[in-house]
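Take a look at the structure below.
Every chain is numbered from 1 and lettered A, B, ... according to where its sequence line falls, protein lines coming before strand lines.
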Number of protein chains: 2
Amino acid sequence: MYKENNLSKNQQIIFDLIDKSSEPLKAYTILFSVQKKGIKAPPQVYRALDKLVETGKIHKIESKNAFVACRNSNCEISKATAFSICESCEMVDEINDAKLTKYLTNFSDKKGTKYKRFNLEFFGLCKKCK
Amino acid sequence: MYKENNLSKNQQIIFDLIDKSSEPLKAYTILFSVQKKGIKAPPQVYRALDKLVETGKIHKIESKNAFVACRNSNCEISKATAFSICESCEMVDEINDAKLTKYLTNFSDKKGTKYKRFNLEFFGLCKKCK
DNA sequence: TACATAGTGTTATATTATAACAATTTTGCA
DNA sequence: TGCAAAATTGTTATAATATAACACTATGTA
Ligand SMILES: [Zn+2]
Ligand SMILES: [Zn+2]
Ligand SMILES: [Zn+2]
Ligand SMILES: [Zn+2]
């Protein structure tokens, strides 16, 4: 079963839920939603989330402790993530901007250090809320 | 007492602790450290932290749930923050790069939306750990 | 003084996340 | 095919992070 799509049963259930959601989902919201499917305890949810984040299927919105499905081509396996977050309605959109990604991926600080990963969160008002 | 430096007693105690620290501090680490000074309960710590974040004296490192003192000129009151985070030793440095700030402050997405605030976290290895 | 705003102290509780252990399923490969 | 390693699952308990609610005190300004 695992081979077919490389997601395990719990991972698939939880990914489907996140993928269908129009807003970021929190771990315990997910837990309550999937209890009817037999996922009953927090570790089951967190383990699936960890794996999905690791493989770039989902991203964690750090400022919200919530998870969204990746809408890009897996963000070079999550080395370069950027989001816009509405401060009014909580909406989150993944930003897919090649120039921005390039700029930040190539960024080096004053000591000349380059970084191998970044996460960027923009805050403001979405179109609806403006 | 408040007027002298615009920080209240608890705010000053907690700011001093964070400011002197060479690494990000977590709320409960702070709580344990200041109990001898009479700050005994989580809400006292979180309220001070909230105010210090709000006024730009400290920043929250979202990926670590920890707090650092601002090392810039208060980051235009925390509208534009960027950090480098070592994945090995946990060290965090605030990035102060005018070009980067300008680039991101002026960034507008494909729909032309501009954002009023951002937080950027870079991950990699610091000089020591490389 | 008197009022509004900000800060404090306290108890309890909500929310987010992991440790630890036993069992089963899947996978890669001899 | 058959076996061991790796991944996944299930479960209980607990750790770590954060807020609600309420009573009270200090401060700034009119
Ligand atoms: Zn993505
Ligand atoms: Zn909105
Ligand atoms: Zn700063
Ligand atoms: Zn380091």
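Each side chain to side chain donor-acceptor pair (under 3.5 Å) pair with one or both residues in residues 31-42 of chain B, not counting sequence neighbours, would appear here, but there are none.
Residue K51(A) places at least one side-chain N or O under 4.0 Å from the OP1 or OP2 atom of dT8(D). OP1 or OP2 of dG9(C) has at least one side-chain nitrogen or oxygen of N10(B) nearer than 4.0 Å. Remark: S8(A) is in phosphate contact with dT9(D), judged by side-chain N or O atoms under 4.0 Å from OP1 or OP2. An OP1 or OP2 oxygen of dA17(C) is reached within less than 4.0 angstrom by no side-chain nitrogen or oxygen of N65(B). Proximity of K37(B) to the phosphate of dG9(C): no side-chain N or O atom is located under 4.0 Å from OP1 or OP2. Distances shorter than 4.0 Å separate some side-chain N or O of K60(A) from OP1 or OP2 on dA17(C).
Remark: P of dT9(D) and CG of L52(A) are 10 Å apart, rounded to the nearest angstrom. In this entry the distance linking CD of E62(A) with C1' of dA18(D) reads 16 Å, nearest Å. Atoms CG (D50(A)) and C1' (dA19(C)) sit 13 Å apart, rounded to a whole Å. In this structure, Q12(B) atom CD and dT27(D) atom P are separated by 15 Å, rounded to whole Å. Between K64(A) atom NZ and dT19(D) atom P there is a gap of 13 Å when expressed in whole angstrom units. Atom CG of N6(B) is separated from atom P of dT27(D) by 15 Å (rounded to the nearest Å). Atom-to-atom, CD of Q11(A) to P of dA6(D) comes out at 18 Å; the value is rounded to the nearest Å.
Looking at residues two or more places apart in sequence or on another chain, you find a side-chain contact (heavy atoms from CB on, under 4.5 Å) between K99(B) and Y103(A), D97(B). T101(B) meets the side-chain contact (heavy atoms from CB on, under 4.5 Å) test with E76(B), A80(B), T105(B); sequence neighbours excluded. Remark: Y28(A) engages L31(A), F32(A), P42(A), Y46(A) in a side-chain contact (heavy atoms from CB on, under 4.5 Å) (not counting sequence neighbours). Judged as a ring pair (Phe, Tyr, Trp, His ring centres under 6.0 Å), and not counting sequence neighbours, the contacts of F107(B) are F122(A). Judged as a side chain to side chain donor-acceptor pair (under 3.5 Å), and not counting sequence neighbours, the contacts of D16(A) are Q12(A). With sequence neighbours left out, the side-chain contact (heavy atoms from CB on, under 4.5 Å) criterion links K116(B) to E87(A). Residues satisfying the salt bridge (charged side-chain N to carboxylate O under 4.0 Å, His left out) criterion with K51(A), sequence neighbours excluded, are E54(A).
In this structure, CG in N10(A) is found 4.0 Å from CD1 in I39(A), a value given to the nearest 0.5 Å.
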Side-chain donor/acceptor pairs under 3.5 Å, residues 62-69 of chain A, sequence neighbours excluded:
from	atom 1	to	atom 2	distance (Å)
S63(A)	OG	E121(A)	OE1	2.7
K64(A)	NZ	E90(A)	OE1	2.9

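Contacts between residues 22-36 of chain B and DNA chain D, defined by a heavy-atom separation under 4.0 Å, are made by K26(B), Y28(B). A heavy atom closer than 4.0 Å to some atom of DNA chain D occurs in P42(B), P43(B), Y46(B), R47(B), these being the qualifying members of residues 39-49 of chain B.
A salt bridge between D19(B) and R71(B) is present, with a side-chain N of the basic residue lying under 4.0 Å from a carboxylate O of the acidic one. Under the 4.0 Å criterion applied to side-chain N and carboxylate O atoms, D93(A) and K111(B) are assigned as salt-bridge partners.
For the helix from dT1(C)-dA30(D) to dA30(C)-dT1(D), the terminal axes (five pairs an end, C1' atoms, rotation from four pairs onto the next four) enclose an angle of 40°, given to 10 degrees.
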